[in-house]
There are 2 protein chains.
Amino acid sequence: MNSTNQGGEASASPTLETVAAVAGVSRATVSRVVNGGSRVSPEARAAVEAAIAELGYSPNRAARSLVTRRTGSVALVVSEAEARVFSDPMLAGITRAIGQALADTDLQLVLMMVPPGPGRQRLTNYLLGGHVDGVMLMSLHGDDPLVKELSDSPLPVVLMGRPMSPLPIPHVDSDSVAGARQATEHLRGLGRTRIATIAGPTDMCAGVDRLLGYREALDGPGLVAYGDFSMASGEAAMAELLRREPDLDGVFAASDLMAAGALRALRAAGKRVPEDVAVVGYDDLDVAELTEPPLTTVHQPLPAMARAMVASLLAQISGDPAPESVVLPNPLVVRASA
Amino acid sequence: MNSTNQGGEASASPTLETVAAVAGVSRATVSRVVNGGSRVSPEARAAVEAAIAELGYSPNRAARSLVTRRTGSVALVVSEAEARVFSDPMLAGITRAIGQALADTDLQLVLMMVPPGPGRQRLTNYLLGGHVDGVMLMSLHGDDPLVKELSDSPLPVVLMGRPMSPLPIPHVDSDSVAGARQATEHLRGLGRTRIATIAGPTDMCAGVDRLLGYREALDGPGLVAYGDFSMASGEAAMAELLRREPDLDGVFAASDLMAAGALRALRAAGKRVPEDVAVVGYDDLDVAELTEPPLTTVHQPLPAMARAMVASLLAQISGDPAPESVVLPNPLVVRASA
DNA sequence: CTGAAAGCGCTTACAG
DNA sequence: CTGAAAGCGCTTACAG
């Protein structure tokens, strides 16, 4: 018995006004009920709730946002370049995890890619212009000006991965140094003595830290070739390592994708994995189970990291004092490659 | 020489009002300049543009949205269940492609996952509640009520993949029947005579169409085992096929992930690929290059599909009459597995 | 071409 | 506990 909107065109959405009329109260009271306000009598509340249900009312975000100065949305910012290579599978995983972590909230997830070139400035302006309540940055390269600009602003921000330069910006990371150390120690535990590493970019903390962990475990400089986290770069790096040290018997690759590339190069060189060369990857993405043999790798706790990022943002948005950064542990997952 | 906001606290963002004052014109004129309006004198326009640049003004979306009844955002809706299995790599690819296709627009991408259970209704209400200007649906299962509800609404919607039930809803698809036929014919061209297929879910058009294409090429029912597009299901299906027909010499899998699973089962059974059994996948995702051997597969033109989806949405939003659906071709990519 | 004014739907002191 | 009223920042007829 919906007495409103009789014989109308495509019926306009009900507003607070409509609900108030149906419930027989003022707009203010409806607003209080909708926002979980306390100063409402049980009768008024019941009437309002009934009216809301009857009308299928849902508040107009724009109107609310205009007065509260909150948008109800947070941005997940990834650079387009990253999206194309290393973070593709990583991105899928973290995006999904963040989406789920956000599900309990009524924040909505806006996905933004950092375009190369002039579009960058537009993005920065946009973020700083109050169009989102907070920003999650996928670990960008160390020198990225965006990080500094955001950290200088009052906008809530959280970084996935430690910033390269020591900026006062909350971040969520997994313990890459420990993870890499663990991976390398696993290889040593297998009796391997000539262990090389395929390191990531030196301008990303994940690259730097994993190399550091490798060296800590080896207690020396080790044998290093660099990649950019992609499979192709891993394949090339492995080929190079074999040239430099034909007898190596273990490799720690700083990403699963690079490990997959290494597997391919090893196969091309006629090496058996793990018999001749044991291989350990990093991330524990789905690909780690796809390779032949499946990869022993360091597990990144994406869901927990996503929850921590969301928690940090929520704390900042609600004005809590400087939330600390969190570093989560990442255990080794042993499969067949080492 | 920024004369506004002297000695203020964290300076509030400039508004149309501020810009108007600095430029010495009315708010209406500023608004016209901002919105590219034509009825503005060159002088006024120049003054306004200078003021905008000086102040770093960027319009408040909420206020604009309140009056225009547009939100400036479109939703990409994926079901959480999908996100977990088949569409994980697919999802990453299409999400990235859509993000890029949207970059030229000033629409922003809101990512929404369909939660299982009661959260569904909330999502539906949200979408229908005018909180987004349009919706892109990743191919859901055929019977999904969300598709029908959206298609009954005036909200611009575009589906990725043909709807299972013939609903009047614009969609963008690649020609799965032709793709599957081509894949199967490729196997026949290789001289294979006992060609099985690992089909996808029968309640998804991609599953149905690819099975149809396989049967068309074979001109018969063929030998079929079903999976759910995931790697594990492909592995199980392959094992089952080998049990039913130990001498098969070709397999067409309806997804790369299932093909990767099939490769694993074949290896476990001691079969060489492609010598003993040739394998063709579908999608041409990154994983297709990761497997050993790399997969011959049917390429999905994700960027073109994304652009077509965005174009359809834009047309609908601007009120153009019923945009047609588009079906794109998907060529076979020959690698080592067949 | 330009401005004064109304109004989009909401929240929030302020009285009562 | 409740309501009248102001105001968030914008767009858009309507006059001129």
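Below, chains carry the letters A, B, ... as their sequence lines are ordered, and counting in each starts from 1.
Neither side chain, Glu149(B) nor Ser153(B), offers a donor N or O lying under 3.5 Å from an acceptor on the other.
The CZ-P distance, from Arg70(A) to dC10(C), rounds to 18 Å in whole Å. One can place CZ of Arg39(A) at 15 Å from C1' of dC14(C), the figure rounded to the nearest angstrom. In this structure, Leu66(B) places its CG atom 12 Å from P of dG9(D), rounding to the nearest Å. As a whole-Å value, the separation of Asn60(A) CG from dG9(D) P is 16 Å. Rounded to whole angstrom, the span from the CZ atom of Arg69(B) across to the C1' atom of dC8(C) amounts to 6 Å.
Under a 3.5 Å cut-off, the side chain of Arg64(A) and the backbone N or O of Pro59(A) do not form any donor-acceptor pair. At least one donor-acceptor pair closer than 3.5 Å links the side chain of Ser318(B) to the backbone N or O of Leu314(B). In this structure a side-chain-to-backbone donor-acceptor pair under 3.5 Å is missing from Asp133(B) to Val74(B).
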Given Leu111(A) and Ile98(B), is the side-chain contact (heavy atoms from CB on, under 4.5 Å) satisfied, shown in steps?
CA-CA 10 Å; Leu111(A) 199 62; Ile98(B) 287 175; over 6 Å; no
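The side chain to side chain contact (heavy atoms under 4.5 Å, CB included) with Met160(A) is formed by just one residue from the set Leu302(A), Asp173(A), Val172(A); it is Leu302(A). If you run side chain to side chain contact (heavy atoms under 4.5 Å, CB included) between Leu102(A) and each of Met309(A), Gln108(A), Arg307(A), Met136(A), only Met136(A) comes through.
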What are the atom names and distances for every N/O pair under 3.5 Å that joins the protein to nucleotides 11-13 of chain D?
| from | atom 1 | to | atom 2 | distance (Å) |
| --- | --- | --- | --- | --- |
| dT11(D) | OP1 | Asn35(B) | OD1 | 3.3 |
| dT11(D) | OP1 | Asn35(B) | ND2 | 3.0 |
| dT11(D) | OP1 | Arg64(B) | NE | 2.8 |
| dT11(D) | OP1 | Arg64(B) | NH2 | 3.2 |
| dT11(D) | OP2 | Ser31(B) | OG | 2.6 |
| dT11(D) | OP2 | Asn35(B) | ND2 | 3.4 |

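Arg27(A) contributes atom CZ, which lies 8.0 Å from atom OG1 of Thr15(A) (distance to the nearest 0.5 angstrom).
Residue-level contact check: Ala62(A) touches neither bases nor backbone, having no heavy atom under 4.0 Å from any strand.
The listed nucleotides are dC1(C), dT2(D), dG9(D); the one nearest the side chain of Thr29(A) is dT2(D).
Contact annotation: Thr15(A) does not reach the phosphate of dG9(C) (side-chain N/O to OP1 or OP2, under 4.0 Å). Phosphate proximity of dT2(C) to Ser41(B): present, with a side-chain N or O under 4.0 Å from OP1 or OP2.
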Taking Watson-Crick and G-U wobble contacts under 3.5 angstrom, with | marking pairs to another strand and [ ] crossing pairs, the secondary structure of DNA chain C is written |||.||||||||.|||
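Tyr126(A) and His131(A) get closest at one heavy-atom pair: O-CD2, 3.0 Å.
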